[in-house]
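In each ligand, atom 1 is the first atom listed, and ligand 1 is the first ligand listed. We count residues from 1, following the sequence as given.
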Amino acid sequence: MIPRTAPSCQSDGTELPKWQAALANVFREPAELLQYLNLPGSLLNGANAASSSFTLRAPRGYCQRIEKGNPNDPLLRQILPLDAELIEDQHFKLDPVGDLAAMEVPGLLHKYHGRVLIITTAACAVHCRYCFRRHFPYQENRAEQNWQTAIDYICANSDIHEVILSGGDPLSLTESKLKDLTDKLLNIPHIKTLRLHTRQPIVLPERINNEFLSWLDSLPWKIVMVLHCNHANEIDAAVASALEQLQQHQVTLLNQSVLLAGVNDDAEVLINLSKKLFSHHVLPYYLHQLDKVQGAKHFAVNDEKALQLLNEIRQRLPGYLVPKLVEENAGEKSKTAII
Ligand code: SF4
């Protein structure tokens, strides 16, 4: 039995959609999470200290996939604030991939040829401790308040063929808000593809409901969804069902993972992840070297080890199940392959 901590009704008394009720009930208090997972109280001080700058946020359904009593569980490591986050290092920065320098108008990044990325919202279902946007100044730099400036920029640049909805997590927005944005994009003839960067089908699979699928069906473009899954244990039956539905609605499903010490820096783990993703219609796309964001140094894996892992995977899997090992360097015109 998972305790509920927030009401599941809207102000007018009607029931919240299931996914919004789940969003409203995520774990936010380190003490509550530690107690739920039977973890030692000695972790509490560090968790409280680290969550004061980047709060704990973890859906209850996701936490059900974590092994109780195991402080080294690979899913737990992604969400539990640790005192290691407080260690500062000059190489680990607030904006490690140069997002702010690439912002053409509030909430719109134009880094690469032919595509732009819209920071649609600050909200995520989960707070991943290694997130490269964990210090991002969302308040001043998200498009949610006013799409028009971003739309005007895309209109004026006819070489933009693909629009990426990112965040935060764009699936934190309601269908009505998403439709508000895509209705405006409909009038731009040079857009051919809409891409969604999201972790929600993995951490909050109830988000993939009929209303969301109807919104997808209404869109005239090719739809690409780039998921973010780092470990096969993240894919349970509910996630598998969400992925099945997305595939049935003609969404091209790709996955990007981050190579994380203590989570997936192991060939067997990465091989299992690729196999499991593929069994649910998802192709492994990128394996990212960690973006050097302040607070995430303890997740770093060096390039030598990363390449060793990749070579092992290559020897064991067909090429289409081997993700590209890349890093993002601020100011560069594409991701950089690590070879
Ligand atoms: S879901 Fe994505 S944007 Fe949100 S905290 Fe995790 S990595 Fe960052």
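Contact atoms of ligand 1 toward Arg199: 1 (S) (distance under 4.0 Å to a heavy atom of the residue). Taking every non-hydrogen atom of Val126 and a distance limit under 4.0 Å, the qualifying atoms of ligand 1 come out as 4 (Fe), 5 (S). Close contacts between ligand 1 and Cys124 involve ligand atoms 1 (S), 3 (S), 4 (Fe), 5 (S) [criterion: under 4.0 Å to a heavy atom].
By the 4.0 Å heavy-atom criterion, Asp169 is excluded from the residues contacting ligand 1. The closest approach between His228 and ligand 1 falls below 4.0 Å for a heavy atom of the residue.
In this structure the side chain of Leu33 reaches within 4.5 angstrom of the side chain of Leu80, judged on heavy atoms. Side-chain atoms of Pro201 and Leu171, non-hydrogen and from C-beta on, do get closer than 4.5 Å to each other. Between Val126 and Arg57, the closest side-chain pair of non-hydrogen atoms is not below 4.5 Å.
Residue contacts with ligand 1 for Cys128 involve both N, CA, C or O and side-chain atoms from C-beta outward (heavy atoms, distance under 4.0 Å).
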Query - Candidate pair Lys335 and Glu328, rule salt bridge (charged side-chain N to carboxylate O under 4.0 Å, His left out), full reasoning - result: CA-CA 5 Å; Lys335 303 267 193 294; Glu328 180 169 345; 3.5 Å; yes
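For the side-chain contact (heavy atoms from CB on, under 4.5 Å) test with Leu254, the passing option among Leu277, Val282, Val224, Leu227 is Val224; the others fail.
Here Gln200 contributes atom CD and Leu196 contributes atom CG; the two are 11.0 Å apart, rounded to the nearest 0.5 Å.
Residue, atom and distance of the protein heavy atom nearest to atom 8 (Fe) of ligand 1 are Cys131 SG, 2.3 Å.
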